[in-house]
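See structure below.
Note that this is a predicted model, so its numbers are computed, not measured.
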Amino acid sequence: MKEFPGDARGRELERFSRVWFALFLTACVGTILVTALRSCRVDRLYDDAFIFQRYATRLLSGGGLAWNPGGDPTYGLTSPFFLVVVAPLQWLSGGNVGVAALLASLVPGVVFLALSYKLVATLDERKLSRAALVALAALCMAFTKASDHFISGMETAFALCYATGYLLALRSMERRGDRRSAVVVGVLGGLAFGVRPELVSYTLLVPGLLAVVTRDAAMRRLALRALGITVLLLALHLAINTAYFGSALPLSFYAKSTALYSAEIYKRYRGVSGEHLVVFARSYWPLLVLSIAQLLSLRRRLREPATLIDFGVFGAAVAIAGYHLLFALPVMAYSQRFYYLLLPALIYLAARGLATLVRAAEQEFDVFDARHGAAALCLATALALVWLVPRGVDQSVAVLRQWAKKAYVFDMDRYMATEHTRQWWGLAAFNKLPDDLVMAASEVGLPGAMNPNKVVVDLAGLNERMFAHQPFSAARLFEKYKPDVIYMPHGDYQNIHQQLRKSPQMAAYELVESSRLPRGSLAMAIRRDSRHHAALHKVLTRGLRRQRR
């Protein structure tokens, strides 16, 4: 067949656009990872990341899923399945909980980027529009707080991987239409509760819509199969939780969604959820606009399987956003982490929306072809690189400077000796005391991880069923645990503060206010008749002397 010059130019332009796309995607992913590496140090981990590490240590030592040694099984983790990642990494790191925590979020973060690319690739057969959506999503992540979740030590990136994998399984069921894919969707849906309970919004709503609304009889049968497996596994999961932990739901649910604390903490966080949602929406507005455009384009195909999946995914995202906006107490909602569960849904719907727009453009404009799309992609990526490269270079220079200054901290002993642990004054010294020492605090992440064989009482109830299923009681605390040292609760927990201070048992403790300790320290109380009193008092007075200077 004779080749026309225009055809050759078109193919050359397409090849040129692929080079631009590869360069741009490399710059985006590189910027995301370099930005993460800039903060890749144990002193930048979220305190709650160490909670996962303590559970992993207890699990690896044969203590089961219990917060305290010799204690009852504890449903303190919102994402117990995250231990599948955390525990092996802690073992491979030789017990360095800081390194294990960093890797536990960095590895799933990289996997999430790969799965997102795979998801977009399954949603659009057009290479150019597929590349454009991937580039857009990567650009958004490069300029937002996404990289924070790659080094936080929390389960956010792991949950994003799982949600994206579930959407891939849904897409496979829609395209293949076989029983095996429906079983995979059902199993993933049923297990989602152990990854993040909010994910069941996806796993129940999407197959539920398909089962009830679709006109496709074959797809209805597959959806019913998937939904049935999901419901069965979810019910089994809740039953096991009740039998093993004595709590069907994570303890954090009771603490953050049932008005367990006094009114002051809710006043303190009023409006925070809305602010974070606005920031998240502003960060990913291009994906949100494409998602809404996709939903608006489906008004004439409301009962088709693909359309129902789109609306189900969007509805699940709205349900998750609504829960965190209206009901959950947003403690430690750093970098909009609770709203990042919406990101896989936005990527999914935006990819569908861009494909719909490109298809409409092809039908509407006779002059629109691959050459025009390739030219537009080349121009857009060139302009975006002008915006992106300076940020990537700036982050890279910052990383090199920190390495040159040896500013990165991965040694937990060195970390414990720095000012970053000043919140828990004396903790580094307390770590060396015998394991029969009993501590109590509201901020228990680092103390718990550094003292895996000591009893650490969580006054906020996030890892203490006695204070999660019912309000805090100072009398029950002293009766059951009789702690040797109490780090007085964070100022947000005024009801716990008041109960402790008014309790008659506090007469047996030596109380030192935070104003007498180094700046940023929590107030402390040590029990006078504790066998560790001399060592505790020595640490405490050293802090007082330093404060006087």
Side-chain angles (χ1 to χ4, degrees), residues 79-81 84 111-112 114-125 158-241 291 294-295 298 301-320 341-352 355-356:
S79 178
F81 288 175
V84 174
V111 174
F112 167 65
L115 288 176
S116 297
Y117 183 89
K118 177 66 175 177
L119 178 63
V120 174
T122 65
L123 293 170
D124 191 0
E125 68 281 2
F158 176 67
L160 290 176
C161 284
Y162 197 92
T164 307
Y166 182 76
L167 294 177
L168 279 166
L170 274 175
R171 178 64 173 165
S172 177
M173 184 180 77
E174 178 202 349
R175 295 171 65 185
R176 295 173 58 183
D178 60 356
R179 295 180 179 179
R180 180 178 299 178
S181 60
V183 170
V184 171
V185 169
V187 171
L188 289 176
L191 297 178
F193 191 88
V195 177
R196 284 286 304 187
E198 302 98 314
L199 291 180
V200 299
S201 297
Y202 289 107
T203 65
L204 292 177
L205 187 57
V206 179
L209 274 178
L210 284 171
V212 174
V213 180
T214 185
R215 293 175 178 174
D216 187 326
M219 182 56 64
R220 182 183 298 111
R221 287 192 294 270
L222 292 177
L224 284 170
R225 181 185 296 271
L227 182 62
I229 295 173
T230 296
V231 172
L232 178 63
L233 288 179
L234 178 58
L236 182 62
H237 195 157
L238 294 175
I240 292 174
N241 289 345
S291 299
Q294 169 64 6
L295 296 176
L298 298 174
R301 304 194 302 274
L302 294 179
R303 301 186 69 177
E304 294 180 4
T307 299
L308 292 172
I309 291 177
D310 289 352
F311 276 101
V313 168
F314 183 77
V318 170
I320 293 172
L341 289 179
L342 313 182
L343 186 54
L346 291 182
I347 292 174
Y348 182 97
L349 293 171
R352 294 267 296 151
T356 300

**Message:** Are Tyr162 and Leu191 packed together at the side-chain level, in the sense that at least one heavy-atom pair is separated by less than 4.5 angstrom?
**Reply:** yes
**Asked** Roughly how far, to the nearest 0.5 Å, is OH of Tyr348 from CG of Leu343?
**Response** 15.0 Å
**Message:** Could you tell me if the side chain of Val183 sits less than 4.5 Å from the side chain of Ile229, heavy atoms only?
**Reply:** yes
**Message:** I need the minimum non-hydrogen distance between Cys161 and Leu115, along with the two atoms involved.
**Reply:** O-CD1, 3.6 Å
**Message:** Any salt bridge linking Asp178 with Arg180? Criterion: basic side-chain nitrogen under 4.0 Å from a carboxylate oxygen.
**Reply:** no
**Item:** Arg220 side chain vs Thr214 backbone, donor-acceptor pair below 3.5 Å
**Value:** yes
**Rounded distance [0.5 Å steps], CG in Leu210 versus CG in Leu224** = 9.5 Å
**Message:** Quick check: closest heavy atoms across Gln294 and Leu349, and the distance to 0.1 Å?
**Reply:** CB-O, 3.8 Å
**Message:** Could you report the tightest heavy-atom contact between Pro305 and Asp216, atom names first, then the distance?
**Reply:** CG-CB, 4.0 Å
**Asked** In Å and rounded to the nearest 0.5 Å, what is the CG to CG distance from Leu222 to Leu227?
**Response** 12.5 Å
**Prompt:** Out of curiosity, Thr164 OG1 to Ile347 CD1, how far, rounded to the nearest 0.5 Å?
**Reply:** 6.5 Å
**Request:** Side-chain contact test, heavy atoms from C-beta onward, threshold under 4.5 Å: evaluate it for Leu119 versus Pro344 and give yes or no.
**Result:** no
**Asked** Atom CD of Glu198 and atom CG of Leu342: how far apart are they, to the nearest 0.5 Å?
**Response** 10.0 Å
**Message:** For a quick test of reading the model, state the closest non-hydrogen atom pair linking Met173 to Ser181 and the distance between them.
**Reply:** CA-OG, 3.4 Å
**Pairwise distance CG(Leu308) to CZ(Arg215) - rounded to 0.5 angstrom** = 10.5 Å
**Prompt:** Are the side chains of Leu170 and Tyr202 in touch, meaning some heavy atoms are under 4.5 Å apart?
**Reply:** no
**Item:** Pairwise side-chain contact, Asn241 with Phe193, heavy-atom cut-off 4.5 Å (strictly under)
**Value:** yes
**Asked** What are the two closest non-hydrogen atoms of Ala345 and Val313, and how far apart are they?
**Response** CB-CG1, 3.4 Å
**Whether Thr230 side chain and Ala226 backbone form a donor-acceptor pair below 3.5 Å** = yes
**Asked** When the ring planes of His237 and Phe81 are compared, do they come out parallel, tilted or perpendicular, using 30° and 60° as the limits?
**Response** parallel
**Prompt:** Is there a donor-acceptor pair closer than 3.5 Å between any side-chain N or O of Arg171 and the backbone N or O of Thr122?
**Reply:** yes
**Message:** Ignoring hydrogens, what is the shortest heavy-atom contact between Leu298 and Asp310? Give both atom names and the distance.
**Reply:** CD1-OD2, 3.4 Å
**Prompt:** Do the side chains of Val185 and Tyr166 get nearer than 4.5 Å, heavy atoms only?
**Reply:** yes
**Prompt:** Side chains of Leu232 and Leu236: does their closest heavy-atom pair fall under 4.5 Å?
**Reply:** no
